[in-house]
Amino acid sequence: MNAVEFIEVQKLHPGGSVALAGLSFSVTAGEMVFIAGHSGAGKSSLLKLIALIERASAGAVMVNGRDLAKLPRWELAQHRASIGLVFQDHRLLMDRTVFDNVSLPLIVTGVPHHEIARRVRAALEKVNLSHKERAVPMALSGGEQQRVGIARALVGKPALLLADEPTGNLDPELSAEIMQLFVDLHRDGSTVMVASHDLRLIQKLKKRVLVLKEGSLIDDFRPEVAP
Amino acid sequence: MSNQRRRAVARSHGYSLFSSLGRFARAPLNHLLTLAVIAVALALPALSLALLDNVQRLGAGLAQTGDVNLFLRRELGERVALDLRQELLKDPAVAAIVVKSPDDALREFEAMADFSDAISAIDTNPLPYVLAIELRARASTAEFTAPLIERLRALEQTDMVQFDQEWLARLKALIALTERGVYVIGVLLGLAVLLVIGNTIRLEIMTRRDEIIIMKLVGADDGFVRRPFVYSGIWFGLFGALGAALLLWLALSLLGPTVTQLAEAYGSNFRLHRPGPLGVLLLLGIGILLGSLGAFLASHRHLAEAEPT
């Protein structure tokens with residue numbers, strides 16, 4: 001079954017410039033896919049359409065077999081709660097503790113308190129931040145902040161994890177560490193889509209890569225089978 | 001709604017209730033000015049209504065003290081007074097008649113501080129028998145009272161008829177007009193409270209815009225995002241109303257002794273009446289209603305503008 005499917009998807013920016021030009025591809029459930037391309041290639045737009053942060057101008061975006069264009073507004077929150085989102089700028093609540101940040105997706109979906117504590121600690125353990133539970137994000141390094149963002153994305157046990165340039169501001173060593181985290185999450189059974197401009201780092205992980213250029217798909221390959 | 005969903009909504013309400021209260025408790029001084037404005041805006045109509053209620057009680061008291069006083073000729077005695085009472089009780093406009101003897105009247109005068117010295121200087125009681133006639137409620141209009149007053153004046157036993165109904169009717173009309181004015185001012189000040197709370201919530205939404213966007217990104221629905229702001233509005237309304245109740249109590253406490261003094265100077269035992277627990281609860285209820293409504297309208301309008309991009 002396809003976790004994500006794009007059928008001739010077009011996205012125009014308000015000014016009329018093309019973000020995505022008739023994009024078609026599919027990602028099967030449990031697959032890990034990197035979306036590569038230079039800045040402005042349409043990587044972020046693609047992920048935003050899946051998370052319904054933006055809507056397609058034409059074509060169909062299908063998630064778990066549902067056309068997102070037909071999703072009623074009242075189901076929008078439920079759709080987003082079913083997706084784990086990781087951002088380049090982390091988007092953390094800077095005045096709250098690491099624990100509070102990671103627990104947010106569970107609080108908004110009404111998970112019981114005892115369950116929240118257990119799952120937040122498990123998520124922090126997965127990203128090696130158990131010892132920073134009471135720290136505020138301001139006191140953490142960029143890499144640690146990103147790991148908090150990843151813990152927040154995975155705490156709700158999403159079937160689909162989307163990451164937009166998660167290593168954008170990190171040095172190569174930390175970038176590799178973060179990418180490895182996504183690979184580990186994929187091993188646990190999640191469908192993972194990671195947008196990154198760092199093609200060299202992506203190729204080392206030997207997963208499927210979709211390459212975008214000016215809103216069009218110009219390549220779709222797996223490094224281990226690529227020519 | 002399934003049990004699980006119901007529990008999730010209850011937890012969400014609990015989270016919103018305590019997080020908004022916690023935000024309030026963390027920075028009470030930040031909200032002090034807003035609370036003061038709400039308290040004054042609620043206290044003004046509440047105080048006006050409390051004073052109006054007192055004037056109405058005073059008016060009702062005056063009306064009950066005897067709508068018509070019929071003074072008999074001095075030479076007439078108790079037998080005549082009692083016979084006339086029996087006769088007048090048959091009149092449909094009359095509800096009750098109290099016969100006051102000259103001795104009763106003298107005692108009443110003596111009880112008044114200003115008259116006691118003058119009365120002690122008199123050898124004989126100069127006061128006549130008086131029939132204090134209470135009119136039926138429906139008979140207190142000129143249409144019903146005029147024939148009765150005419151009849152009383154025409155009686156051979158009558159020395160004088162004292163009828164206070166005209167100025168009481170004017171007082172009632174004035175009270176009714178003032179009451180309407182207070183309601184209009186109350187509605188306007190209620191609107192001001194609504195706007196003050198709405199604007200406070202709007203500013204809070206602007207300050208917490210990033211947080212709202214993050215919440216929406218991780219799956220918070222409109223209700224979850226709106227709830228803490230509506231609860232904030234409820235706290236503003238509740239604490240503002242508590243402040244208003246305190247101001248009301250202070251104002252009435254300050255006015256009370258002066259009113260008592262004034263009433264005593266006129267021989268009345270009238271005391272300034274304070275709103276009871278029901279009145280205070282009503283004030284708190286109005287505060288909560290205005291707070292939640294202002295917050296709901298502001299959050300409904302401004303939360304839609306805080307969408308993830």
Side-chain angles (χ1 to χ4, degrees), chain A residues 13-14 44-45 47-55 72-87 89-96 100-116 123 137 148-149 151-158 160-162 164, chain B residues 1-28 30 203-232 299-309:
Chain A
H13 286 310
S44 295
S45 294
L47 296 182
K48 282 176 181 173
L49 291 183
I50 298 171
L52 268 177
I53 294 168
E54 289 179 3
R55 293 205 180 242
R73 188 177 156 72
W74 59 269
E75 277 190 52
L76 173 66
Q78 206 179 339
H79 170 71
R80 285 198 188 130
S82 71
I83 296 172
L85 285 168
V86 179
F87 305 91
D89 56 359
H90 324 310
R91 301 214 186 174
L92 300 176
L93 301 172
M94 290 301 179
D95 59 338
R96 309 284 174 85
D100 290 343
N101 271 281
V102 177
S103 63
L104 202 58
L106 303 180
I107 290 170
V108 303
T109 47
V111 173
H113 287 296
H114 63 276
E115 181 74 5
I116 288 176
V148 175
R152 185 183 63 192
L154 64 89
V155 76
K157 296 179 184 167
L160 177 61
L161 195 68
L162 307 176
D164 189 7
Chain B
M1 195 190 279
S2 70
N3 271 349
Q4 199 181 355
R5 175 82 189 125
R6 210 173 286 137
R7 277 199 291 272
V9 171
R11 272 192 291 273
S12 158
H13 273 282
Y15 169 79
S16 306
L17 181 82
F18 290 111
S19 67
S20 60
L21 191 59
R23 199 170 287 278
F24 228 94
R26 276 195 293 275
N30 289 359
L203 292 174
E204 205 175 320
I205 288 172
M206 282 168 72
T207 313
R208 295 171 60 190
R209 188 184 153 82
D210 290 346
E211 183 184 338
I212 292 162
I213 288 173
I214 290 169
M215 279 183 162
K216 286 187 176 181
L217 280 173
V218 300
D221 59 19
D222 291 343
F224 183 91
V225 177
R226 188 188 299 124
R227 243 167 257 140
F229 295 104
V230 174
Y231 277 113
S232 281
S299 58
H300 184 73
R301 184 184 151 92
H302 298 290
L303 283 176
E305 293 163 8
E307 281 296 329
T309 53

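Every chain is numbered from 1, with letters handed out A, B, ... down the list of sequences. Heavy-atom basis, side chains included; hydrogens, waters and symmetry copies ignored.
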>> Can a donor-acceptor pair be found, under 3.5 Å and without considering hydrogens, that links the side chain of A/H79 to the backbone of B/G219?
In response: no
>> Quick check for you: to the nearest 0.5 Å, what is the distance between A/R152 atom CZ and A/H90 atom NE2?
In response: 10.5 Å
> What distance separates A/I50 CD1 from A/S45 OG, expressed to the nearest 0.5 Å?
Replying inline: 11.0 Å
>> Within residues 209-217 of chain B, which residues come under 4.5 Å of chain A, heavy atom to heavy atom?
In response: B/E211, B/I213, B/I214, B/M215, B/K216, B/L217
> By side-chain contact (heavy atoms from CB on, under 4.5 Å), which residues pair with A/P72, not counting sequence neighbours?
Replying inline: A/R66, A/W74, A/E75
> Looking at side-chain heavy atoms only, is the closest gap between A/L93 and A/D95 below 4.5 Å?
Replying inline: yes
> Is the count of non-hydrogen atoms from other residues, nucleotides or ligands lying under 6.0 Å from B/M206 atom CE greater than 12?
Replying inline: no
>> Show the nearest heavy-atom pair for residues B/E204 and B/S232, with the distance to one decimal.
In response: OE2-OG, 3.7 Å
>> Can you tell me how far apart CD1 (A/I53) and CG (A/L76) are? Round to the nearest 0.5 Å.
In response: 9.5 Å
> Who in residues 302-309 of chain B is close to chain A, using a strict under-4.5 Å heavy-atom cut-off?
Replying inline: B/E307, B/P308, B/T309
> Is atom NE2 of A/H13 surrounded by more than 12 heavy atoms (other residues, nucleotides or ligands) closer than 6.0 Å?
Replying inline: yes
> With a 4.5 Å limit on heavy-atom distance, are the side chains of A/P137 and A/V148 in contact?
Replying inline: no
>> Is any side-chain heavy atom of A/P112 closer than 4.5 Å to one of A/E115?
In response: yes
> When only heavy atoms count and the cut-off is under 4.5 Å, which of residues 220-227 of chain B reach chain A?
Replying inline: B/A220, B/D221, B/D222, B/F224
>> Can you tell me how far apart CG (A/L49) and CG (A/L52) are? Round to the nearest 0.5 Å.
In response: 8.0 Å
>> To the nearest 0.5 Å, what is the distance between CD1 on B/I205 and CZ on B/F229?
In response: 5.0 Å
> For A/I83, is it the side chain, the backbone, both, or neither that has a heavy atom closer than 4.5 Å to a heavy atom of chain B?
Replying inline: neither
